[in-house]
Protein chains: 2
Amino acid sequence: MTASTQNDQSAPPPRRSAATRHAILAAARERFASDGYERATIRAIARDARIDPSMVMRYFGSKEGLFAAAVALDLRLPDLARVPRDEVGRALVGHFLGLWEENEELTAVLRVGATNEAGAERMRGIFQEQLLPVARQVCPDPEQVPARAALCAAQLLGLALTRYVLRLPPARALAREELVAWLGPTVQRYLTAPSP
Amino acid sequence: MTASTQNDQSAPPPRRSAATRHAILAAARERFASDGYERATIRAIARDARIDPSMVMRYFGSKEGLFAAAVALDLRLPDLARVPRDEVGRALVGHFLGLWEENEELTAVLRVGATNEAGAERMRGIFQEQLLPVARQVCPDPEQVPARAALCAAQLLGLALTRYVLRLPPARALAREELVAWLGPTVQRYLTAPSP
DNA sequence: CTCGTAGGTCAACGCTTGTTGGCAGATTAA
DNA sequence: TTAATCTGCCAACAAGCGTTGACCTACGAG
């Protein structure tokens, strides 16, 4: 709201604080992802970032502000219009798997969303603003878009839950290609198949 | 561990404490389900049960003991040998939906499992001891049982997550029969179809 | 050199948490 | 009636929480 991270427009001297900000955000992502919102304490995050807890407040105002700044909300979903019609399921599953493995932000959002009402609201927002439009591109009947997108969300978030949060051993053992082969047709059917 | 709730075997005088125990457990289930482990405070639970927080400690030893006593672990999964081979998917989805709607215990386990490592371990135990054996009844290749059961868990827990924890509106709007019709074939395929 | 300011530490605040021990009625047994 | 055993409340504890404000230090601009 107040300031942007990259304000290196005209002032060449790169503020020393940029490194600190980054360290705090990295530590926060890790803690939120592994501990959830309540147990990820500002003191622990500050300790990880090797600074004083009060700096976190100075930089991000509050714990909520820190969380908002630490987790990304952009799923960077592919443009399904450029994907062969019968490949959208596999494409989505593959994209989601890449997203979850590339960093811990999504694990953080899911963990927090499961305990915190504000976090749940945030996930509902992601669903509405990012998954719904993509589903609209491939669903036959516009009226069924929300339901079909919700079914996809259930399958994809269920995979993330078992694999990255609960860490069920068999869910972790499955290779990426196996998961795409298993879940791809499911998502494909939820999005494009006629209603059962 | 120490005592059972129903010890009305020979001692007819029903202890007055039984009602209190029950009130505490009911309040605990509600709080754990709606707030998760960390935010469900003993004080709040005691307030709901209209007793002193110290009573909770006397009856259950600790917060962990209370949680263990409050949430059930029995999924009461049906004997799939008695279900027509091509109906097991629909039967499982229907059974799970009933389970989640009949009380809040499963919501509590899921919410806690998502934030608390001990809770996650408990969910892994439920998977191993209750879902795996059932999957073994219908899976063709014994070697694939864990993977196939994990896929089912992902789909079913994903449904629970979106519908009962995150409360995505479209996931809540779907009727029970619609969910069975959509997810039944998916679970059926995960359990019985040949590997993709 | 001086000075304003950004980056950072320290100590404390008010509050909530899980947990404990002591004490008061009620209920039961002898 | 007396003694023992439940059932319960009260007050407090140590620890941890998010958050605040005073203070110190370095440094680039004037």
Side-chain angles (χ1 to χ4, degrees), chain A residues 2-28 31-32 35-70 112 115-119, chain B residues 2-5 7-8 10-25 27-28 31-32 34-70 112 115-119:
Chain A
T2 59
S4 156
T5 306
Q6 52 233 34
N7 45 4
D8 11 316
Q9 295 178 357
S10 54
R15 304 309 182 114
R16 202 155 25 109
S17 66
T20 305
R21 280 186 82 94
H22 183 265
I24 295 176
L25 288 175
R31 285 281 176 178
F32 281 129
D35 293 346
Y37 190 80
E38 339 286 340
R39 303 215 345 250
T41 69
I42 287 194
R43 287 168 147 94
I45 292 169
R47 206 178 313 126
D48 291 357
R50 303 174 171 283
I51 44 94
D52 191 87
S54 62
M55 294 308 302
V56 179
M57 306 300 296
R58 254 237 262 279
Y59 280 44
F60 302 100
S62 68
K63 186 177 181 178
E64 269 200 44
L66 172 63
F67 179 75
V112 173
T115 9
N116 197 278
E117 173 53 25
Chain B
T2 58
S4 157
T5 306
N7 46 4
D8 9 318
S10 56
R15 303 307 184 125
R16 194 160 28 109
S17 65
T20 305
R21 281 186 82 94
H22 183 266
I24 295 176
L25 288 175
R31 285 281 175 177
F32 281 130
S34 65
D35 293 347
Y37 189 80
E38 338 287 340
R39 303 218 343 252
T41 69
I42 287 194
R43 286 171 148 94
I45 292 168
R47 204 178 314 126
D48 291 356
R50 304 177 171 281
I51 45 92
D52 191 87
S54 62
M55 296 305 298
V56 178
M57 306 301 296
R58 249 232 264 279
Y59 280 36
F60 302 100
S62 68
K63 187 177 181 178
E64 269 200 45
L66 171 63
F67 179 74
V112 173
T115 9
N116 197 278
E117 172 52 24

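Chain naming here is simple, since letters A, B, ... match the order of the sequence lines and numbering starts at 1 in each.
- A:I42 contributes atom CD1, which lies 11.0 Å from atom CG of A:D52 (distance to the nearest 0.5 angstrom).
- Taking atom CE of residue B:M55 and atom P of nucleotide C:dG18, one finds them 17 Å apart after rounding to whole Å.
- An angle of 10°, rounded to 10°, separates the two end axes of the helix from C:dG8-D:dC23 to C:dA30-D:dT1, each defined over five pairs.
- In this entry the distance linking CD of A:E38 with P of C:dT16 reads 15 Å, nearest Å.
- A close approach under 4.0 Å does occur between a side-chain nitrogen or oxygen of B:S17 and OP1 or OP2 of D:dT7.
- Across every non-hydrogen atom of B:M57 and B:S62, the tightest pair is CE-CA, 3.8 Å.
- Annotation for B:I45 and B:A27: closest pair O-CB, 3.7 Å, computed over non-hydrogen atoms.
- Regarding A:R21, its CZ atom lies at a distance of 13 Å from the C1' atom of C:dG7, rounded to whole Å.
- With sequence neighbours left out, A:E64 forms a salt bridge (charged side-chain N to carboxylate O under 4.0 Å, His left out) with no residue at all.
- Note that the CG atom of A:D48 and the CZ atom of A:R43 stand 14.5 Å from one another [nearest 0.5 Å].
- Distance, A:D52 CG to D:dA22 P: 16 Å, rounded to whole Å.
- Against DNA chain D, the stretch residues 56-66 of chain B makes heavy-atom approaches under 4.0 Å through B:R58, B:Y59.
- The side chain of A:S54 lies closest to C:dC10, out of C:dC10, D:dT7, D:dT19.
- For the pair B:I24 CD1 and D:dT7 C1', the interatomic distance rounds to 11 Å; values are reported in whole Å.
- Rounding to the nearest 0.5 angstrom, the gap separating the CE atom in A:M55 from the CZ atom in A:R21 is 10.0 Å.
- With sequence neighbours excluded, no residue forms a side-chain hydrogen bond (donor to acceptor under 3.5 Å, both in side chains) with B:E38.
- In this structure, B:D35 places its CG atom 15 Å from C1' of C:dT16, rounding to the nearest Å.
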Give each protein N/O atom lying under 3.5 Å from an N/O atom of nucleotides 24-26 of chain C, with the pair distance.
none

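- Note that the CD1 atom of B:I24 and the CG atom of B:L66 stand 7.5 Å from one another [nearest 0.5 Å].
- B:N116 places its CG atom 13 Å from the P atom of C:dG18, with the value rounded to the nearest Å.
- Of all heavy-atom pairs between B:G36 and A:T115, the closest is CA-CG2, 3.9 Å.
- Residues from residues 41-51 of chain A lying near DNA chain D, meaning a heavy-atom separation below 4.0 Å, are A:T41, A:I42, A:R43 in numerical order.
- Between A:Y37 and A:F32, the ring-plane angle classifies as parallel under the 30° and 60° cut-offs.
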